[in-house]
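Structure in structure tokens, see below.
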Amino acid sequence: MENKEETELLVEAADVKEHAKKTIQKIKEKVKEEDPKLTPSLNLRTILGGDFLTADMVRRQIWLIVLMVLFTIIYVASRYQCQQDLIAIDKLEKELLHAKYKALSSSSTLTEKCRESHVLEALKQNRDTLLHISDQPPYIINVPE
């Protein structure tokens with residue numbers, strides 16, 4: 001009977017040893033240096049924990065992510081440049097408007113000073129001049145060629 005019990009114990013020990021070997025082999029197959037696969041359900045914990053960033057899916061899409069970041073940088077830079085150009089355009093339009101008003105004002109002042117009444121008044125005030133108003137109307141001199 002002891003012999004039978006010992007044999008059963010040895011068989012049982014061998015079964016446990018074999019089962020342990022199989023379990024260790026399965027664990028070795030599962031444990032690798034690679035990142036774990038992303039679970040089908042993407043939840044808040046994996047996002048906040050950053051687990052999804054090391055997943056194989058993100059590694060495969062890294063060039064797409066780089067391209068998206070590059071396009072975002074280009075978009076922001078071009079928008080900034082466009083805003084700077086609009087500010088410069090507004091400044092130049094205000095300067096142009098100011099120059100137009102100044103030219104209009106100068107033209108108005110010149111037109112006022114060139115009127116015949118103002119010229120006659122200036123001649124009267126300046127008595128030492130030889131200029132005076134003509135009594136005869138102007139006439140055309142024809143020169144033969």
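For the single chain, residues carry numbers from 1 onward in sequence order. Note that the structure is predicted; figures quoted are calculated from it, not measured.
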In this structure, are over 12 heavy atoms from other groups packed under 6.0 Å from Glu12 atom CD? no

Rounded distance [0.5 Å steps], OG1 in Thr72 versus CE in Met68: 6.5 Å

Apart from Leu96 itself, which Ile, Leu, Val, Met, Phe, Trp or Tyr residues share its cluster (side-chain heavy atoms under 4.5 Å, direct or through members)? none

Atom pair CG/CH2 of Leu70 and Trp63 - distance to nearest 0.5 Å: 11.5 Å

Side chain proximity check, Asp90 to Glu93, heavy atoms < 4.5 angstrom: yes

From CD1 (Ile87) to CG (Leu92), nearest 0.5 Å: 12.0 Å

What do you reckon, is CD of Gln84 surrounded by more than 12 foreign heavy atoms closer than 6.0 Å? yes

Distance in Å, Glu18 CD paired with Thr23 OG1, rounded so as to fall on 0.5 Å steps: 10.0 Å

Is the backbone of Ser107 close enough, under 3.5 Å, to the side chain of Thr111 for a donor and an acceptor to pair up by distance? yes

Exam field: side chain Ser105 to backbone Tyr101, donor-acceptor pair closer than 3.5 Å: no

Using 0.5 Å steps for rounding, measure from the CG atom of Leu97 to the NZ atom of Lys100. 7.0 Å

Nearest non-hydrogen partners of Glu112 and His118, listed with the distance: O-CD2, 3.1 Å

Atom pair CD1 (Ile62) and CD1 (Ile65), whose distance is rounded to the nearest 0.5 Å: 5.0 Å

Are the side chains of Ile140 and Asn142 in contact, using a 4.5 Å heavy-atom criterion? yes

Test side chain to side chain contact (heavy atoms under 4.5 Å, CB included) applied to Val69 and Leu67, Ile73, Val66, the passing residue: Ile73

